[in-house]
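Here the structure is laid out as structure tokens; the discussion comes afterwards.
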There are 2 protein chains.
Amino acid sequence: MARHRDYTKIEQIFESTLKLVLEKGFAGLKMAEVAKEANLATGTVYIYFKDKDDLINQLYLFLKRRKTILFLQGIDQKEDFDLVLKKIWFAYFEVTMQHVNESAFLEQYYRSPFLKSNVKEESKQILKPIYDLLERGVKEGKLHSVNVEILLSQIVGPIHEMIRAYHDGAVEINAETMNQLYQLVMRGIKA
Amino acid sequence: MARHRDYTKIEQIFESTLKLVLEKGFAGLKMAEVAKEANLATGTVYIYFKDKDDLINQLYLFLKRRKTILFLQGIDQKEDFDLVLKKIWFAYFEVTMQHVNESAFLEQYYRSPFLKSNVKEESKQILKPIYDLLERGVKEGKLHSVNVEILLSQIVGPIHEMIRAYHDGAVEINAETMNQLYQLVMRGIKA
DNA sequence: AAAATTAATGAACAATTATTCAATCATCCA
DNA sequence: TGGATGATTGAATAATTGTTCATTAATTTT
């Protein structure tokens, strides 16, 4: 054995890539710039990633997984339905907010043909806990009995839209505005 | 005067560009392919557009304007509030649906740094009629009195989300599902 | 401490692709 | 009809940028 790979470099590269994609988009992403931003030589990036395509797909998965973990922290599906729903709604909002940049990347990527189908599959899993919860709500008669996808649209749609508005500087987000939106959404779906 | 420019070529070029962007994303868009797809020589594209960047920005505006026009057809703000709201909600849904591809392009572009700020400004105008209507609704006491951005998030967010789900093959969209979503949304915002 | 091994470097190279432009073609006007 | 004008062409060129690899540096083992 000799010198070891320094796997912390992978995260450095991820951070640099994320930063550059957000600044200049996929089309403007250059491997040389990624390396420079991460204080590495161009060739080093190729030690840790097969090629540019691989780098972008890995980054997507990395961010998606990180978001999922954050988002599920402290959620216990065994608790009272209304409480879990509230917790999960706010958790989703807050995590998406606190990682606006990552979320923007994920959205941009989701719409792009870089996305490999297996990656897309994994990415759907993030909403699974919400999905399950909604089914439970319908069964328990706590939610209106419509297709779960419809309920889901009503739940995460406004969050995404509000964050987009925030991103455009059109609205402020604080405890009050979050609560107001929550009230509107719940009034809609609760039976 | 001699031979005239054939401005119908512009639309040919737009259609080709749209098709290719949807297939391969911004990063994969090649001027030579755009030209070929439009049955033109590469150089011809440069007669009608300054460069690649110009082409993409023009395309964005073209699609945005087309969508706006379609979407506002048959809306008369002088009619009864509830009726206008219903018409406008369904019109927005249907136009977004019937032009899923264009909408996907617009979303992808919106998140990308290609977007010039003046273009972004113009693009905000598309929601102006909904915006105005919501303000009227609040004044007339027909809607809950919260920030209009919050109401807007609740109105268009679920539509975008549902269409995304449809795009992923997760849900069917028909008169019934549309109506169900409409009921949920309205139950939330109406006073 | 020196040899062995592998990471890291970054200039050079190979592809790829945007853009140009000399030559050609189509249309208009006298 | 013929010359003038400007549109169109697409191969050639200019840029850009992904990837490689000979060389150097760092770490481990003997």
Side-chain angles (χ1 to χ4, degrees), chain A residues 1-60 62 105 108-109 112-116 119, chain B residues 1-60 62 105 108-109 112-116 119:
Chain A
M1 282 280 203
R3 189 174 182 185
H4 291 178
R5 284 192 185 179
D6 174 8
Y7 287 100
T8 64
K9 287 197 170 66
I10 289 186
E11 291 204 19
Q12 283 175 47
I13 295 171
F14 279 154
E15 292 306 327
S16 306
T17 307
L18 177 59
K19 186 180 171 215
L20 290 169
V21 168
L22 291 174
E23 270 173 36
K24 307 179 184 178
F26 285 114
L29 188 72
K30 285 152 210 162
M31 295 301 268
E33 283 186 13
V34 167
K36 194 178 180 190
E37 179 74 32
N39 291 312
L40 297 171
T42 313
T44 309
V45 177
Y46 285 84
I47 291 170
Y48 296 95
F49 299 93
K50 188 177 158 293
D51 54 23
K52 188 178 173 181
D53 197 72
D54 182 44
L55 167 58
I56 293 179
N57 275 276
Q58 298 283 356
L59 173 59
Y60 182 84
F62 170 76
F105 171 88
Q108 202 184 333
Y109 184 92
S112 89
F114 277 110
L115 202 70
K116 301 271 180 291
V119 177
Chain B
M1 282 279 206
R3 190 174 183 186
H4 291 179
R5 284 192 185 179
D6 175 8
Y7 288 100
T8 65
K9 286 195 170 68
I10 289 186
E11 290 204 19
Q12 283 176 48
I13 295 170
F14 279 154
E15 292 306 328
S16 305
T17 307
L18 177 60
K19 185 179 171 215
L20 291 169
V21 168
L22 291 173
E23 270 173 35
K24 308 178 183 178
F26 286 114
L29 187 70
K30 286 151 209 161
M31 294 301 268
E33 283 186 13
V34 167
K36 195 178 179 190
E37 180 74 31
N39 291 311
L40 297 172
T42 314
T44 308
V45 177
Y46 285 85
I47 292 169
Y48 296 95
F49 299 93
K50 188 177 157 294
D51 54 23
K52 188 178 173 179
D53 196 73
D54 182 44
L55 167 59
I56 293 179
N57 276 275
Q58 298 283 356
L59 173 59
Y60 183 83
F62 170 76
F105 171 88
Q108 201 183 333
Y109 183 93
S112 88
F114 277 110
L115 202 69
K116 300 272 180 291
V119 177

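We use all heavy atoms of the structure for the numbers below, so side chains are in, but hydrogens, waters and symmetry mates are not. Protein chains get the first letters and strands the later ones, always in sequence-line order, with residue 1 at the start of each.
Among the nucleotides dA11(D), dG18(D), dT28(D), the one closest to the side chain of Met31(A) is dG18(D). For Ile47(B), whose side chain is taken as the heavy atoms from C-beta onward, the closest listed nucleotide among dT20(C), dT9(D), dT9(C) is dT9(D). For Thr44(B), counting side-chain heavy atoms from C-beta on, the closest listed nucleotide (dT8(D), dA7(C), dA8(C)) is dT8(D). Listed candidates were dA8(C), dT8(D), dA18(C). Nearest to the side chain of Lys30(B) is dA18(C). Of the candidate nucleotides dT19(C), dA7(C), dG18(D), dA7(C) has the atom nearest to the side chain of Tyr48(A).
Among the atoms of the strands shown, only primed sugar atoms or phosphate atoms (P, OP1, OP2) are found under 4.0 Å from some heavy atom of Lys9(B). Residue contacts for Tyr7(B): at a heavy-atom cut-off of 4.0 Å it reaches no nucleic acid atom on any strand shown. No engagement by Leu55(B) is indicated, since no non-hydrogen atom pair under 4.0 Å with the nucleic acid exists.
Distance CG (Asp51(A)) to P (dT19(D)): 5 Å, rounded to an integer number of Å. As rounded to whole Å, 11 Å separates atom C1' of dA7(C) from atom CG of Leu40(A). Computed from coordinates, the Glu33(A) CD to dT16(D) C1' distance equals 11 Å when rounded to whole Å. One interatomic measurement links the two molecules: CZ of Phe49(A) to C1' of dA8(C), which rounds to 16 Å at whole-angstrom precision. What separates NZ of Lys36(B) from C1' of dA18(C) is a distance of 17 Å, to the nearest Å. The distance between atom CG of Asp6(B) and atom C1' of dT27(C), rounded to the nearest whole Å, is 13 Å. Straight-line distance from the CG atom of Leu20(B) to the P atom of dT17(C): 13 Å, rounded to whole Å. For Ile13(A) and dA7(C), the CD1 to C1' distance is 12 Å, given to the nearest whole Å.
Side-chain nitrogen and oxygen atoms of Tyr46(A) include none within less than 4.0 Å of the OP1 or OP2 phosphate oxygen of dT9(C).
The residue among Gly43(B) and Arg5(B) whose nearest nucleotide of DNA chain D is located toward the 5' end is Arg5(B).
Summarising the geometry, atom OG1 belonging to Thr17(A) is positioned 10.5 Å from atom CZ belonging to Phe62(A); distances are rounded to the nearest 0.5 Å. Here NZ of Lys52(A) is found 12.5 Å from CG of Asn57(A). Values are rounded to the nearest 0.5 Å. Between the CD atom in Glu33(B) and the OG atom in Ser16(B) there is a gap of 11.0 Å [rounded to 0.5 Å].
In this structure, Ile47(B) and Lys9(B) have side chains that are not in contact, with every pair of non-hydrogen atoms separated by 4.5 Å or more.
A pairwise comparison of heavy atoms in Leu59(B) and Leu18(B) identifies CD2-N, 3.9 Å as the closest pair.
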